*Asks:* 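What follows is a structure written as structure tokens; I'll ask about it next.
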Amino acid sequence: MTLVKNLGCPMEYSSMGKVLSSTIAVYLMELNMKPLMLIQVTFLELYFNFAFILFPFAFGCGIVCIGSPVSVFFVAVIALQIKVGFDISSLLLHSELHFTGKTYRIRVHNVGISTSLNFRIQNHKLLLIETEGRYTSQMNFTDFDVHVGQSYSFLVTMDQNATSDYYIVASARFVNETVWQRVTGVGILHYSNSKGPASGPLPVSATDVNHPWSAMNQPRAIKYV
Amino acid sequence: MRRNSWQDGVLGTNCPIPPNWNFTYDFQLKDQIGSYFYSPSLNFQRASGGFGALIINNRDLVPIPFTEPDGEIIFIIGDWYTQNHTVSAVLVSRWCLVMTFGSECYVFIFVKLCFLSGFKEDT
């Protein structure tokens, strides 16, 4: 499986994304805390400095977005890598990722500042396994609300027949429907043996205004095991 | 660090880090695992893109309550306001930001692949 497509992304977004979404793996390999401290130093340097570098970028984005007819962004990012005694970068974006039937752990973080987002993958189930540092009771969802500051882990099995690519959608919750359709973030889930691009309308959130009570299943599923 | 604001990086418990300075956070994770993200807590710098995922994996010795996945993918999603962070901060202070949602905002998805199968064996 690869997740690399770019739907009308201005250059500023691309360059910013590469810089910013650095991800760090902290392995608790031993009780010695020295390696962990090193990691922390590195990423703090990163975001603080970059916040300053990015001020002009942020401003530039504003201009680009206002003038652009494209209202949907998907930024595929190959992140900056920080080596922690082992090489992560060599394991990134291998073409061998394209296996139907594989199961991936998907971690979803809402890093926004004001908007709850509904996350869903067309025709794929999200099996909730972990949030806030605890494993949860496992429950399947077609979509899940991720509020600001929350992080969730899901297991997603690539169990579709790849007749086409599939949409990955993050849409705003608790706002007017016409609004969220205009600002929804869309990505593409691409099987290596896919027979065509994703098409048709975006998958609809089951927890939207039509089924308000289904949203209750989500907090109820967050029972720690 | 669980149940402790020691070095949580938020103003009030820690001082801000000036530009071009370093600060070393030093805390114990113990048996903590999970998916987190880091971000600056000042001046709406998070709205300018200051964020990233922070993943703490289990020790190899500690079992996980599900089958080992074939790989891991990190999705970082959020709202993206077309104004810069300074303007956004002002709008939020006036409770205007939510109302301007739509005309002034986009939703983004950052994706990152990591920890593919075979990763643990390599280490």
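Convention: sequence-line order gives letters A, B, ...; per-chain numbering from 1. All values reported here derive from a predicted model rather than from experimental measurement.
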*Asks:* Just to verify, what does B:Y36 make a ring pair (Phe, Tyr, Trp, His ring centres under 6.0 Å) with, not counting sequence neighbours?
*Replies:* none

*Asks:* Please test A:Y135 against B:N58 for side-chain contact (heavy atoms from CB on, under 4.5 Å), starting from the C-alpha separation and ending with a verdict.
*Replies:* CA-CA 11 Å; A:Y135 298 116; B:N58 57 300; 4.2 Å; yes

*Asks:* Can you name the nearest heavy-atom pair linking A:Y104 to B:P69, along with the distance?
*Replies:* C-CB, 4.1 Å

*Asks:* After noting the C-alpha distance and the side-chain angles of B:T67 and A:T103, does the key distance pass the side-chain contact (heavy atoms from CB on, under 4.5 Å) rule?
*Replies:* CA-CA 9 Å; B:T67 314; A:T103 298; over 6 Å; no

*Asks:* With distance as the sole test, does A:Q138 use its side chain to make a donor-acceptor pair with the main-chain N or O of B:P65 at under 3.5 Å?
*Replies:* yes

*Asks:* If you round to the nearest 0.5 Å, how far is CD1 of B:I33 from OG of A:S153?
*Replies:* 8.0 Å

*Asks:* So does B:S35 get a backbone contact from the side chain of A:E130, meaning a donor-acceptor N/O pair under 3.5 Å?
*Replies:* yes

*Asks:* Just jot down the side chain to side chain contact (heavy atoms under 4.5 Å, CB included) partners of B:Q7, sequence neighbours excluded, or say none.
*Replies:* B:N14, B:F23, B:Y25, B:D26

*Asks:* Does any non-hydrogen side-chain atom of B:I77 lie less than 4.5 Å from one of A:H109?
*Replies:* no

*Asks:* Given B:F66 and A:L127, is the side-chain contact (heavy atoms from CB on, under 4.5 Å) satisfied, shown in steps?
*Replies:* CA-CA 10 Å; B:F66 46 86; A:L127 179 66; over 6 Å; no

*Asks:* Do A:V111 and B:S39 come within less than 4.5 Å of each other through their side chains, counting heavy atoms only?
*Replies:* no

*Asks:* What part of A:V148 gets within 4.5 angstrom of chain B, counting heavy atoms only: side chain, backbone, both, or neither?
*Replies:* side chain

*Asks:* Going from CD1 on B:I74 to CD1 on A:I106, what distance comes out if it is rounded to the nearest 0.5 angstrom?
*Replies:* 11.0 Å

*Asks:* Which heavy atom in A:N110 sits nearest to a heavy atom in B:G78, and how many Å separate them?
*Replies:* OD1-CA, 3.7 Å

*Asks:* When you look at B:I55 and A:R107, which way does the side-chain contact (heavy atoms from CB on, under 4.5 Å) test go after all the steps?
*Replies:* CA-CA 9 Å; B:I55 309 300; A:R107 301 178 193 257; 3.1 Å; yes

